[in-house]
Number of protein chains: 2
Amino acid sequence: MAYRKTPRTRAKAEQRRARIERATHHVIASGGFASASIAAVAREAECSAGLIYTYYDNRDELLGIVFARAARHELAVIEEAVGEAASAADVVRSVVDVFIRRAVAGRTLAHALLFEEVPDTVQIERRRLRRGYVAVIAEGVSHRYTVEVPAEVVARSVVGSISENLVDFLDPDRAPPDASEVESLITALSTFARTAIGEQ
Amino acid sequence: MAYRKTPRTRAKAEQRRARIERATHHVIASGGFASASIAAVAREAECSAGLIYTYYDNRDELLGIVFARAARHELAVIEEAVGEAASAADVVRSVVDVFIRRAVAGRTLAHALLFEEVPDTVQIERRRLRRGYVAVIAEGVSHRYTVEVPAEVVARSVVGSISENLVDFLDPDRAPPDASEVESLITALSTFARTAIGEQ
DNA sequence: TCAACAATTGAACCACGATTCATTTCTTTG
DNA sequence: CAAAGAAATGAATCGTGGTTCAATTGTTGA
């Protein structure tokens with residue numbers, strides 16, 4: 001009798017797993033979920049299609065895990081920005097600024113995370129992400145400021161405003177926006193949102 | 001030699017076409033695009049699956065046509081509401097009011113038009129619809145009011161705010177919101193948006 | 001009524017990518 | 001090194017709806 005799992009084996013397995021998830025992330029960030037077939041991921045991870053199924057039950061699960069990780073990261077970035085804000089207006093200002101700059105810098109990924117058609121499992125993660133944004137903003141806004149509009153509605157509106165104004169900027173079959181357009185949008189949205197919470 | 005198309009024949013064909021489109025609309029309004037398989041539409045239209053292909057090249061085309069018609073109607077409703085508004089604040093107020101009430105009243109359809117995953121052809125129509133909303137609101141707002149924020153950004157933000165705040169209300173696997181929740185949302189969003197354009 | 005042809009049917013076909021699994025390759029331990 | 005069994009492969013399979021088309025039914029004009 002021979003062969004049991006050893007630390008070495010386990011480490012290798014974890015590397016594989018990490019490699020598959022990194023590959024998936026990479027494929028999504030390059031061409032969106034549409035391009036993330038099992039075959040494409042396997043190619044990128046330099047393994048066979050079959051192997052992926054020893055790590056994940058199915059494609060949706062893999063995509064969900066990768067989405068969730070990316071979402072956590074995006075959320076952490078926004079959370080940090082909000083943490084540094086000194087006033088409700090500041091919260092809104094920095095959220096708009098950071099969100100839009102990041103989105104434009106990583107267009108394809110941002111489009112995938114925000115807008116692209118995704119399987120149901122992933123859609124659940126997307127909602128979680130959006131709720132995360134709302135929670136962070138609502139918290140940031142309400143701690144420092146009170147308005148007659150519930151903080152959650154304010155937060156949702158900020159997220160919705162940013163998102164809707166980003167649609168064209170992130171459209172994969174348009175040319176990326178030039179810097180001045182981005183600056184204008186940031187200024188405009190920032191003003192809009194700050195005015196809405198009755199600041200300055 | 002016999003049989004040419006006659007007015008009667010043509011009329012019958014048009015009825016068929018209308019019937020298929022009405023059936024499609026009905027299926028979508030009851031269960032969203034996901035439920036609008038060719039088989040389901042054929043069943044509802046009381047015809048065979050094959051017949052549908054003598055009227056439309058493929059499923060996506062049919063769905064696109066039906067979406068477009070519904071979208072035109074929705075847009076007309078908003079357009080009318082905006083037409084009656086006396087000020088920019090009024091525009092915003094009535095858009096929020098009409099939009100949300102209509103959406104909640106026709107939850108499933110609203111969810112399908114706004115949020116559900118749809119084929120690319122249909123997605124194009126959805127964008128057109130959203131651009132339509134933006135154009136109407138932008139026009140309505142800018143005609144009667146000027147702000148430092150471009151009317152288009154304001155309009156997009158209004159659309160985005162409404163949309164994002166509606167997501168949970170329209171979620172097919174949640175109970176429909178009760179009347180008081182709807183009223184609260186309308187009030188809050190209305191206040192938010194009017195404040196944003198610096199009114200009252 | 002009948003020949004000519006259009007409308008309609010619905011079961012068979014297909015495309016496509018996820019998933020499976022018999023086979024091969026690698027690791028481990030005695 | 002050999003046996004035991006895990007890891008990995010990738011071609012074959014499968015599921016799902018959209019789509020086709022041979023066969024049937026309906027309509028027209030002489």
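Every chain is numbered from 1 and lettered A, B, ... according to where its sequence line falls, protein lines coming before strand lines.
- A sub-4.0 Å separation between OP1 or OP2 of dT28(C) and a side-chain N or O of R8(A) is present.
- Residues K12(B) and D57(B) both approach DNA chain D. Their nearest nucleotides, taken by heavy-atom distance, put D57(B) toward the 5′ side.
- When distances run from any side-chain atom of Y53(A) to the nucleotides dT9(D), dA7(D), dT20(C), the shortest one goes to dT20(C).
- By the neighbour-count criterion of 12 heavy atoms within 6.0 Å, atom CZ of R69(A) is sparsely surrounded, having that number or fewer from other residues, nucleotides or ligands.
- Salt bridge annotation for R101(B)-E183(B): present, with a cationic side-chain nitrogen under 4.0 angstrom from a carboxylate oxygen.
- Counted within 6.0 Å of CG on D120(A), heavy atoms from surrounding residues, nucleotides or ligands total 12 or fewer; the atom is thus considered open.
- Considering only the side chain of S48(B), dG10(C) comes nearest among dT19(D), dG10(C), dA8(D).
- As judged by a 4.0 angstrom heavy-atom cut-off over every strand, Y55(A) is placed among residues touching the sugar-phosphate backbone only.
- Straight-line distance from the CD1 atom of I52(B) to the P atom of dG17(D): 15 Å, rounded to whole Å.
- Here T6(A) reaches the OP1 or OP2 of dT28(C): one of its side-chain N or O atoms lies under 4.0 Å away.
- One atom, CD1 of I38(A), and another, C1' of dG17(C), lie 9 Å apart when rounded to the nearest Å.
- Taking atom CZ on R10(A) and atom P on dT27(C), their separation rounds to 16 Å, with Å as the unit.
- Atom CG of N58(B) and atom P of dT19(D) are 5 Å apart (whole Å).
- Nucleotide dT16(D) holds its P atom 16 Å from the CZ atom of R59(B), rounded to whole Å.
- Here S37(A) does not reach the OP1 or OP2 of dC16(C): none of its side-chain N or O atoms lies under 4.0 Å away.
- Under 4.0 angstrom from either OP1 or OP2 of dA6(D) there lies no side-chain N or O belonging to T9(A).
- Distance NZ (K5(A)) to P (dT27(C)): 16 Å, rounded to an integer number of Å.
- Here the side chains of E21(A) and L62(A) are in contact, with some heavy-atom distance below 4.5 Å.
- Within 4.0 Å of T54(A), counting heavy atoms only, lies no atom of the nucleic acid at all.
- A straight line from CZ of R19(B) to P of dA7(C) spans 17 Å, rounded to a whole angstrom.
- Defined by atom type and a distance below 3.5 Å, a donor-acceptor pair is present between the side-chain atoms of T9(A) and T6(A).
- As rounded to whole Å, 15 Å separates atom P of dG17(C) from atom CG of D60(A).
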